[in-house]
Amino acid sequence: MDVIDVYTRNITGSDDLHSFSRVNQCNESSCDSTPKLTLAKSAISERWAIELTLVLALAGFLMVKYSFATLTSKDSSQDREKGLPPTASYSIPIIGHLVSFLYDTAGLASAITKEFGSSAIVRLSCLHKDIYVVSGAEYLGALYKDTKGFTQVDGIHIALSRMFGSSKQDLKYWISDNSGITIDPHPQSSVRPENRGHHTMYKAITHGLTSCNLMNAGENFKAALQRRIDAVPVHEEWVEMDDLYSFLLPLIAESTFTAMFGSKFLEIFPDFPESFWTFHRKMRKLAVGWPRWMMPKAWAARDYCLSALKRWRRTHEKEDSEVNALYQERWEFFSKTQGLSDDGAASSDLGITWSMIPSTVAATFWLSWHILRDRDLLTRATSEVQTSRITIDATSPPGFDMTKLCNQTFLQSAFAETLRLYVSVCVTRRPDFADGQVLDYRIPKDKLIVISTAFSHMDKRNWNLGPMEEHPVESFWAERFLTYNSPSAQQTSPASSSAVSTSSVTNSPDGSRSDPPEPRFSLNGYANSWIPFGGGIHECPGRHWVKLRMLLTFAMISSSFDIELLAPHKTVKPDMGKYGFGALPPMEKAGFRIRRKMENGKRG
């Protein structure tokens, strides 16, 4: 019963008046009415006192809330006078937005959008610290253009120390490097060239996961994945499995470990995958600082991963053809730099390894799940897969031209739409040497800036919604990134190139019927709106590696197996508890049945 209900019942007297009536109905000869009447009045008085206290408490709470809302309004007014962004509303004094920022990021993002819209710069108050949230293509564009004024190191430091176990001493090495990631260091930085860790790490990723090194990594991933597909205990009969995500997880993760570290890594460290996922499942709690005694299993699992990576580097830091160039360059730098221990190097290795795995697994699940739900999407996707196949001989498994696969029109659009809808990353920036300026707003020096992809990805102003706006941003539409304009046409906005049905026809000038133009995949018009990998010079250099593994995994699995969802019309929701940490995994299981495809009249 709430306070209002109690108060209403007291006014009407619905309980106590009945009691009082029953007391007065007593026969004087059989009972003494005076004590009972006194008792009833006493009960009424006591109840009035309790309920009055509750009403006053409620009124007090509302007055306090109004007072702080007024103070917040005054703060926002003062912010505007100083050229600072407005402050988001909050109800708890001193604490401010801290609890929601740490434990309900998705809810906080929704509240900011309701108050300020999807394009804004807003200040959050978290105890004694201010955090600035930036959203909207126009603001992001201005932020990304300032390549010297804003760096992303704050987020890296938080991740290394809390998520990946870097010690305070090793963290000082990374914090002291304020030279930036570009070839030329920041003009106000005094960091020596041999200690430019952030630049070296960025260069190693770029070199290791692009061009010929990307293709080498892809070949190693493909070979490792094929071995695991061949080992799946499924033959000519249908077999039901309870979860597509759990089926894909070890295939992608273990093939990635092998592609990066070599074929012997998992033989020497067979418990690495299990330990990796054990600590990953507690990543949010690690990120907010939960200590070892509260999560001993997660901490122990992370310790095992760090120890394995440290041991592997010691024995393979010299050139090894099976170890990806990304790690070889990192290890060479670690061996020469001063101020970073072996443990600190292992923490950095674990961080870069973690960035490759969980998001790719989750995104591949969503891509596969959406395609498997719709027969038309499956037909179009598998048709493009078939055109990318390479037949070596009748006894070999199907091969793929990876470059051709990654440039298929429909698959690219489905890939981009998957990341738009399901990737939720909080990217950080910070003005290092002076106050930063983003259009009309000033960001004070050394203040943390957070960019959430969800704001831009869900801003309907940015996106192709279809000819009749029948495809809202909350839904998956595989054709959202397809355009039917001619290559020479100028695209003025995403809506100007809305996808049309591939079955439609047009009338030629002579009155004859003609087929519609061939669709093209295009990200034109989506600058600073499609940002699953960040933007500007800090855009993730591993984005090509993610795309290759996602499309290659779908191609190889769909070519090896027949897969049908058991409940294709059932909605599977993403796990919003993982908001801010990459592609969101599914909240529920997606059951399916599977059998090997027929090859040359025989099942594999």
S.K.: With rounding to the nearest 0.5 angstrom, report the CD1 to OG distance, Ile156 to Ser161.
M.R.: 12.0 Å
S.K.: Compute whether any side-chain donor of one residue and acceptor of the other, for Asp401 and Ser388, lie under 3.5 angstrom apart.
M.R.: no
S.K.: Will you find, in the side chains of Ser179 and Asp177, an N or O donor that is under 3.5 Å from an N or O acceptor?
M.R.: yes
S.K.: Got Asp104 and Val99 here, is their nearest side-chain heavy-atom distance under 4.5 Å?
M.R.: no
S.K.: Any non-hydrogen side-chain atom of His97 less than 4.5 Å from a side-chain atom of Leu108?
M.R.: yes
S.K.: For Tyr327, check side-chain hydrogen bond (donor to acceptor under 3.5 Å, both in side chains) against everything at least two apart and list the hits.
M.R.: Thr353
S.K.: Kindly give the heavy-atom pair with the smallest separation between Leu171 and Leu160, and that separation in Å.
M.R.: CD1-CB, 4.3 Å
S.K.: I'd like to know whether CG of Leu127 has more than 12 heavy-atom contacts from other residues, nucleotides or ligands below 6.0 angstrom.
M.R.: yes
S.K.: Regarding Asn462 and Trp530, is there a side-chain donor-to-acceptor distance under 3.5 Å anywhere?
M.R.: no
S.K.: Parallel, tilted or perpendicular, judged at 30° and 60°: which one describes the rings of His198 and His157?
M.R.: tilted
S.K.: For Trp277 and Pro358, which heavy atoms make the closest approach, and how far apart are they?
M.R.: CH2-CA, 3.9 Å
S.K.: Taking all non-hydrogen atoms of both residues, which atom of Phe333 and which atom of Glu194 are closest, and how far apart?
M.R.: CE1-O, 3.3 Å
S.K.: For a quick check under 3.5 Å, do Ser348 and Arg330 share a side-chain donor-acceptor pair by atom type?
M.R.: yes
S.K.: Flag the pair Thr428 / Leu448 as yes when at least one side-chain heavy-atom distance between them is below 4.5 Å, and no otherwise.
M.R.: yes
S.K.: Report yes if some heavy atom in the side chain of Val425 is under 4.5 Å from a heavy atom in the side chain of Phe581; otherwise report no.
M.R.: no
S.K.: Within the 3.5 Å criterion, strictly below it, is a donor on Tyr173 or Thr337 matched to an acceptor on the partner's side chain?
M.R.: yes
S.K.: Taking the side chain as every heavy atom from C-beta outward, state whether Arg429 and His538 have any atom pair closer than 4.5 Å.
M.R.: yes
S.K.: Are Arg313 and Phe334 packed together at the side-chain level, in the sense that at least one heavy-atom pair is separated by less than 4.5 angstrom?
M.R.: yes
S.K.: Can you sort out the partners of Phe476 under ring-ring contact (aromatic ring centres under 6.0 Å, His included), two or more places apart, ordered by chain and number?
M.R.: His370
S.K.: Please answer whether the main-chain N or O of Tyr202 pairs with a side-chain N or O of Thr206 as donor and acceptor at a distance below 3.5 Å.
M.R.: yes
S.K.: Taking the side chain from Glu322 and the backbone from Ser263, do they hold a donor-acceptor pair closer than 3.5 Å?
M.R.: yes
S.K.: Indicate, with yes or no, if the rings of Phe521 and Phe410 have centres closer together than 6.0 Å.
M.R.: no
S.K.: State, yes or no, whether a side-chain contact exists between Ser255 and Arg228 at a heavy-atom distance under 4.5 Å.
M.R.: yes
S.K.: For a quick test of reading the model, state the closest non-hydrogen atom pair linking Ala217 to Ala259 and the distance between them.
M.R.: O-CB, 3.9 Å
S.K.: Evaluate side chain to side chain contact (heavy atoms under 4.5 Å, CB included) for Gln437 paired with Ile443, printing each intermediate quantity in order.
M.R.: CA-CA 6 Å; Gln437 191 72 28; Ile443 308 294; over 6 Å; no
S.K.: Could you check whether any side-chain heavy atom of Phe276 comes within less than 4.5 Å of a side-chain heavy atom of Ile357, counting everything from C-beta outward?
M.R.: yes
S.K.: I need the Phe481 CZ to Leu523 CG distance, nearest 0.5 Å.
M.R.: 6.0 Å
S.K.: For the atom pair CZ (Arg549) and CE (Met402), what is the distance rounded to the nearest 0.5 Å?
M.R.: 13.0 Å
S.K.: Step by step, work out the side chain to side chain contact (heavy atoms under 4.5 Å, CB included) result for Arg389 and Gln386.
M.R.: CA-CA 5 Å; Arg389 289 181 65 165; Gln386 291 300 314; 3.3 Å; yes
S.K.: CG/Leu405 to OG1/Thr387 distance, rounded to the nearest 0.5 angstrom?
M.R.: 8.5 Å
S.K.: For the pair Arg284 and Lys578, evaluate side chain to side chain contact (heavy atoms under 4.5 Å, CB included) and give the outcome as yes or no after the intermediate values.
M.R.: CA-CA 7 Å; Arg284 178 172 289 279; Lys578 302 296 190 297; 5.9 Å; no
S.K.: Do you see a donor-acceptor pair shorter than 3.5 Å between the side chains of Ser413 and Arg480?
M.R.: no
S.K.: Is there a donor-acceptor pair closer than 3.5 Å between any side-chain N or O of Ser522 and the backbone N or O of Asn524?
M.R.: yes
S.K.: With a cut-off of 6.0 Å (strictly less than), are more than 12 heavy atoms of other residues, nucleotides or ligands near CD of Glu274?
M.R.: no
S.K.: Would you call Asp432-Lys445 a salt bridge at under 4.0 Å N-O?
M.R.: no
S.K.: Under the salt bridge (Lys or Arg N to Asp or Glu O under 4.0 Å) criterion, do Asp349 and Lys310 qualify, and how do the steps go?
M.R.: CA-CA 9 Å; Asp349 281 345; Lys310 182 168 67 173; over 6 Å; no
S.K.: Using 0.5 Å steps for rounding, measure from the CD1 atom of Ile557 to the NZ atom of Lys597.
M.R.: 12.0 Å
S.K.: Determine, step by step, whether Leu306 and Phe164 satisfy the side chain to side chain contact (heavy atoms under 4.5 Å, CB included) criterion, reporting the C-alpha distance in whole Å, the side-chain angles of both residues, the deciding distance to 0.1 Å, and the verdict.
M.R.: CA-CA 8 Å; Leu306 290 170; Phe164 306 116; 5.6 Å; no
S.K.: Which of parallel (below 30°), tilted (30 to 60°) and perpendicular (above 60°) describes Phe365 and Tyr245?
M.R.: perpendicular
S.K.: Compute whether any side-chain donor of one residue and acceptor of the other, for Glu384 and Thr409, lie under 3.5 angstrom apart.
M.R.: no
S.K.: To the closest 0.5 Å, what do you measure between CH2 (Trp366) and OG1 (Thr364)?
M.R.: 12.5 Å
S.K.: Checking Lys573 against Glu588 for the salt bridge (Lys or Arg N to Asp or Glu O under 4.0 Å) test, could you report, in this order, the C-alpha distance in whole Å, the side-chain angles of both residues, the deciding distance, and whether it holds?
M.R.: CA-CA 7 Å; Lys573 297 180 180 179; Glu588 302 97 355; 5.7 Å; no
S.K.: Distance alone, cut at 3.5 Å: any donor-acceptor contact between the side chains of Ser452 and Tyr579?
M.R.: yes
S.K.: Distance alone, cut at 3.5 Å: any donor-acceptor contact between the side chains of Gln226 and Asp230?
M.R.: yes
S.K.: Of all the heavy-atom pairs spanning Ser275 and Ala301, show the shortest one and how long it is.
M.R.: O-CB, 3.3 Å
S.K.: Mind checking what makes ring-ring contact (aromatic ring centres under 6.0 Å, His included) contact with Phe272, not counting sequence neighbours?
M.R.: Phe257, Phe265
S.K.: For Ala137 and Ala527, which heavy atoms make the closest approach, and how far apart are they?
M.R.: CB-O, 4.2 Å
S.K.: State whether the number of non-hydrogen atoms from other residues, nucleotides or ligands found under 6.0 Å of Arg292 atom CZ is greater than 12.
M.R.: yes
S.K.: Using a strict 4.0 Å threshold on nitrogen-to-oxygen distance, state whether Asp170 and Lys172 make a salt bridge.
M.R.: no
S.K.: Are Ser341 and Gln169 close enough that a side-chain donor and a side-chain acceptor fall under 3.5 Å?
M.R.: no
S.K.: Does the pair Asp130 and Arg123 meet the rule for a salt bridge (Lys or Arg N to Asp or Glu O under 4.0 Å), with working shown?
M.R.: CA-CA 7 Å; Asp130 291 337; Arg123 182 174 73 92; 2.8 Å; yes
S.K.: What do the steps show when you test Phe247 against Phe592 for ring pair (Phe, Tyr, Trp, His ring centres under 6.0 Å), and what is the final call?
M.R.: CA-CA 10 Å; Phe247 173 74; Phe592 66 103; 5.4 Å; yes
S.K.: Only one of Ile252, Leu419, Leu411 forms a side chain to side chain contact (heavy atoms under 4.5 Å, CB included) with Met550, so which one is it?
M.R.: Leu419
